[in-house]
Amino acid sequence: MPPRKRTRSSKTPTDSGEAVDGADETSVKDLEKTAGSRRKAAGSVKSVNKDTADYSHWLMKSEPESRIENGIDVKFGIEDLKALPDQTGCWDGVRNYQARNFMREIKEGQLAFFYHSNCKEPGIAGLMKIVKEAYVDHTQFDKKDVHYDASSKPENPKWSMVDVQYQRMLKRYLSLSELKKHYHQHCTNGGPLKNLALFTRARLSVQPLTKEEFDFILTLEDKDCG
DNA sequence: GCCAACGTTGGC
DNA sequence: GCCAACGTTGGC
């Protein structure tokens, strides 16, 4: 599976979806309500819960290069978001409980980095803004969709998505390797990136950042290079 | 294309 | 509720 995502323009007819999601709303707090009742789907539920209070910024991964999965191209880079009507799309296809739970914490108006993963040079390409908070990801019910989930029932949907709007490209591309240098340095000498989820929880496709982490990363675009 | 790290499944 | 087997993510 790609990191996540395969966005369509967000002309989704889904306000029926929102009603359904309302019922689900409780699980924003007690994160694993839906999933966790069966098994403990994803590791540290409590750390997710405890930490999120501080998070106000996000990093969301998507693959900018073509890759065929179940006969469908999962490519969705920042240029693809920019090309949609209103430069807005829904961030569908997230199929990991931790990532989903973080998505449910995201508030309208918050900013997220658009991260390019599984490509020649992974890294942060640009900025987007959340324009709609979590609601039902309709692709979970679509048999034709790469991320169809036969185990999810419309009466109790498992997966959510948010809508995002393109804001701007970063002044320069911030590669994973450059970010990693700072991360290592901050681990050694102290610094704002020492707990960056990109490295401490590498596989999360929707990850939280503190304002300090976010601001530090943004200062990098004005520096000359890694 | 490889594979380490980690998430998920399901038998017991 | 443990844990082995399996599947996925995503850097390299």
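Basis for what follows: all heavy atoms, side chains included, without hydrogens, waters or symmetry-related copies. Residue numbers begin at 1 in each chain, while the letters A, B, ... track the order of the sequences.
Counting to the nearest Å, the P atom of B:dG7 and the NZ atom of A:K61 are 11 Å from each other. C:dG10 atom C1' lies 12 Å from atom CD of A:Q207, rounded to whole Å. Atom P of nucleotide C:dG10 and atom CD of A:E121 are separated by 17 Å, given to the nearest angstrom. The distance from atom CG of A:N70 to atom C1' of C:dG7 is 13 Å, rounded to the nearest whole Å. As a whole-Å value, the separation of A:L179 CG from C:dG10 P is 15 Å. The CD atom of A:E63 sits 8 Å away from the C1' atom of C:dG10 (whole-angstrom rounding). If you measure from atom NE2 of A:H116 to atom P of C:dG11, you get 12 Å, rounded to the nearest angstrom. Rounded to an integer number of Å, the gap from CG of A:N118 to C1' of C:dT8 is 11 Å.
Residues passing the side chain to side chain contact (heavy atoms under 4.5 Å, CB included) test with A:K129 are A:L111, A:V131, A:Q165, A:Q167, sequence neighbours excluded. Every side chain to side chain contact (heavy atoms under 4.5 Å, CB included) that A:K211 has, sequence neighbours left out, goes to A:S56, A:H57, A:D215. Looking at residues two or more places apart in sequence or on another chain, you find a side chain to side chain contact (heavy atoms under 4.5 Å, CB included) between A:Q185 and A:N189.
In this structure, the side chain of A:Q207 engages the main chain of A:L204 through a donor-acceptor pair within 3.5 Å.
Every pair passing ring-ring contact (aromatic ring centres under 6.0 Å, His included) that includes a residue from residues 185-208 of chain A is listed here, sequence neighbours excluded: A:Y183-A:F199, A:H186-A:F216.
A:Y135 has its ring centre no less than 6.0 Å from the ring centre of A:W159. Taking the centre of each ring, A:F214 and A:F113 come in below the 6.0 Å mark.
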Given the rule in the side chain to side chain donor-acceptor pair (under 3.5 Å) test, do A:R104 and A:S160 qualify, once you have shown the distances and angles that lead to the verdict? CA-CA 7 Å; A:R104 290 178 175 180; A:S160 303; 2.9 Å; yes

Run the side chain to side chain donor-acceptor pair (under 3.5 Å) test on A:W91 and A:D163 for me, step by step, so that the C-alpha distance in whole Å, both residues' side-chain angles and the decisive distance to 0.1 Å come before the verdict. CA-CA 6 Å; A:W91 204 265; A:D163 286 356; over 6 Å; no

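Nucleic acid contact class of A:Y115 (heavy atoms, under 4.0 Å, all strands): sugar-phosphate only.
Of all nucleotides listed (C:dG10, B:dG7, C:dG11), C:dG11 comes nearest to the side chain of A:L176.
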Distances under 3.5 Å only, N/O to N/O: pair up the protein atoms with those of nucleotides 3-5 of chain B.
from: B:dA5; atom 1: N3; to: A:R203; atom 2: NH1; distance (Å): 3.2

Both distances under 3.5 Å, Watson-Crick or G-U wobble: on that basis, could you give the dot-bracket string for DNA chain B, with [ ] for crossing pairs and | for other-strand partners? ||||||||||||

